[in-house]
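Keep in mind the model is a prediction, meaning the values are calculated, not measured. Residue numbers begin at 1 in each chain, while the letters A, B, ... track the order of the sequences.
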4 protein chains.
Amino acid sequence: MWFTIDFHSHVPVYEQIKNKIKEKIVKKEVNENEFIPSIRTLAKEIGVNLNTVARSYRELEQEGIIQSVRGSGYIVIGIDKDKIFDEKIEEFRKIVISAKNLKIEKRDLLKVIDEIYGGE
Amino acid sequence: MWFTIDFHSHVPVYEQIKNKIKEKIVKKEVNENEFIPSIRTLAKEIGVNLNTVARSYRELEQEGIIQSVRGSGYIVIGIDKDKIFDEKIEEFRKIVISAKNLKIEKRDLLKVIDEIYGGE
Amino acid sequence: MWFTIDFHSHVPVYEQIKNKIKEKIVKKEVNENEFIPSIRTLAKEIGVNLNTVARSYRELEQEGIIQSVRGSGYIVIGIDKDKIFDEKIEEFRKIVISAKNLKIEKRDLLKVIDEIYGGE
Amino acid sequence: MWFTIDFHSHVPVYEQIKNKIKEKIVKKEVNENEFIPSIRTLAKEIGVNLNTVARSYRELEQEGIIQSVRGSGYIVIGIDKDKIFDEKIEEFRKIVISAKNLKIEKRDLLKVIDEIYGGE
DNA sequence: GTGGTCTAGACCACT
DNA sequence: GTGGTCTAGACCACA
């Protein structure tokens, strides 16, 4: 299974798909000039409609990250890592602010980070 | 202005309102037994429809956080800080995982936390 | 009727809709800050599915030409006339080249232009 | 290379091939009773599938423009120039109307024509 | 009523 | 088999 979708999230499914694929590319689980799963394959795998995946792919193509090859599928072009980085950091900043507002202490956040990145 | 709404977020407006009010309560900007703004007032202030604010208040009441006082408005009952804490930590954990997936380094996250919480 | 669609064209319906709306804006048949017809209204009027119009509007929004207003509709932001101009001139250039290749004479093209723009 | 194909055009590849061949015939780059490239050759040259070229040739044959010669290939029969002319002029007319709608001035179109046909 | 998303299913162009 | 487009119809969030 390539990845899973949270159907109860407020984030639309097509956005989740876009994000997951961007992650895969950054993590080099798919490399440039490689094909990603076909629209139909991925749709079946994650249990969504073909059109939903198609929309994700179409938007990723508009962002210049993948490109359709007629009759063959979608191929990875490349990704602007700085942009992805900045977007995620901004998202991260918002939730840290929100956590601070909720009087969550710094050490509680650090604990989570250590858990995930490994202590040290 | 009490707070602002991101109308182009994927998070529904009524959810944003609920979250902001919870933050206010935890931060003690509104205390127990105090009134929060009337539906009408808040709706006008943040530029949304009455029904939207009404829905937020209704759900907050169902969660036992506020209570309607006939003819007067809504009064703060109290809040289960542990639950709020856990929810936010969980949200935080997800984005940290996502950041790690994107090969964002630990120190980049720590930098953001220091910025917001104050270094050290 | 706002406009009509050529269902036998190779140009996809959603593209035709986008082009027609761009024309309307340039021609000032709809002005900035005015609403264009709702997705459902336009879909019914030109006899296409709601999703098709929705896609057109979504892409026009991505291009910064219109913007969605929650619960109200889509409002015109503005349009980069130079870009539209350049695109159309480029399209025009291609067909002129093609006409020349087909040994169509210059005066035959000029005749068409005079017909449409008014002679002289 | 005989000609090139725009794979991201909305015009189907088999239509593009047909049009290019018609142009070649009108321009007398291939004359009557001469062979055009074999399906296999042309397919390889422009990088499309055999079936696609085959479809183009089949339709050109139906239009009486070329004819298959068993074991040899396809030979040019002739072309109804008036029909080609009318089709192209009609296509031209549409874009001129569209240009006028976009408030493009007559002189801008004339400039393009002069560029391509040579001034005067 | 408005936009936003999604499903199910279809046909076309192309390899 | 692949992508590209479209229809019909549904549910949600919002004014």
Length of the CG-P vector between L42(A) and dG3(F), whole Å: 10 Å
Hey, can you pull the donor-acceptor pairs under 3.5 Å for the side chains in residues 52-61 of chain B, sequence neighbours left out?
from	atom 1	to	atom 2	distance (Å)
R55(B)	NE	E59(B)	OE2	3.1
R55(B)	NH2	Y14(B)	OH	3.1
S56(B)	OG	Y14(B)	O	3.0
S56(B)	OG	T52(B)	O	3.2
Y57(B)	OH	P37(B)	O	2.8
E59(B)	OE1	K18(B)	NZ	2.8
E61(B)	OE2	S68(B)	N	3.1
E61(B)	OE2	S68(B)	OG	3.4

Set of residues satisfying salt bridge (Lys or Arg N to Asp or Glu O under 4.0 Å) with respect to K100(D), sequence neighbours excluded: none
Stem list, DNA chain F (Watson-Crick or G-U pairing under 3.5 Å, at least 3 consecutive pairs): E:1-14 with F:1-14
Letter per nucleotide, 5' to 3', of nucleotides 5-15 of chain F [B base touched, S only sugar-phosphate touched, - untouched; heavy atoms, 4.0 Å]: BBBBB---SBB
Touch class at under 4.0 angstrom, heavy-atom based, for S9(D) against every strand present: nothing
d(CZ, F35(A); P, dG3(F)) in whole Å: 9 Å
Salt bridge present between E45(D) and R40(D) (N-O < 4.0 angstrom): no
Nucleotide dC12(E), atom P - distance to CD of E59(D) in whole Å: 13 Å
Sugar-phosphate, base or nothing in reach of Y74(A), heavy atoms under 4.0 Å: sugar-phosphate
With D80(D) via side-chain contact (heavy atoms from CB on, under 4.5 Å) - residues at least two apart: D82(D), K83(D)
Salt bridge (Lys or Arg N to Asp or Glu O under 4.0 Å) involving R93(A) - partner list, sequence neighbours excluded: E90(A), E115(B)
Test side-chain contact (heavy atoms from CB on, under 4.5 Å) applied to K44(A) - qualifying residues, sequence neighbours left out: none
Phosphate contact (dG3(F) OP1 or OP2) by S68(A) side-chain N/O below 4.0 Å: no
Qualifying residues under side-chain contact (heavy atoms from CB on, under 4.5 Å), relative to I5(C), sequence neighbours excluded: F3(C), F7(C), V13(C), Q16(C), I17(C), I46(C)
Any residue meeting ring-ring contact (aromatic ring centres under 6.0 Å, His included) with F85(D), in chain and number order, not counting sequence neighbours: none
Integer-rounded Å distance: dG3(E) C1' and L60(C) CG: 15 Å
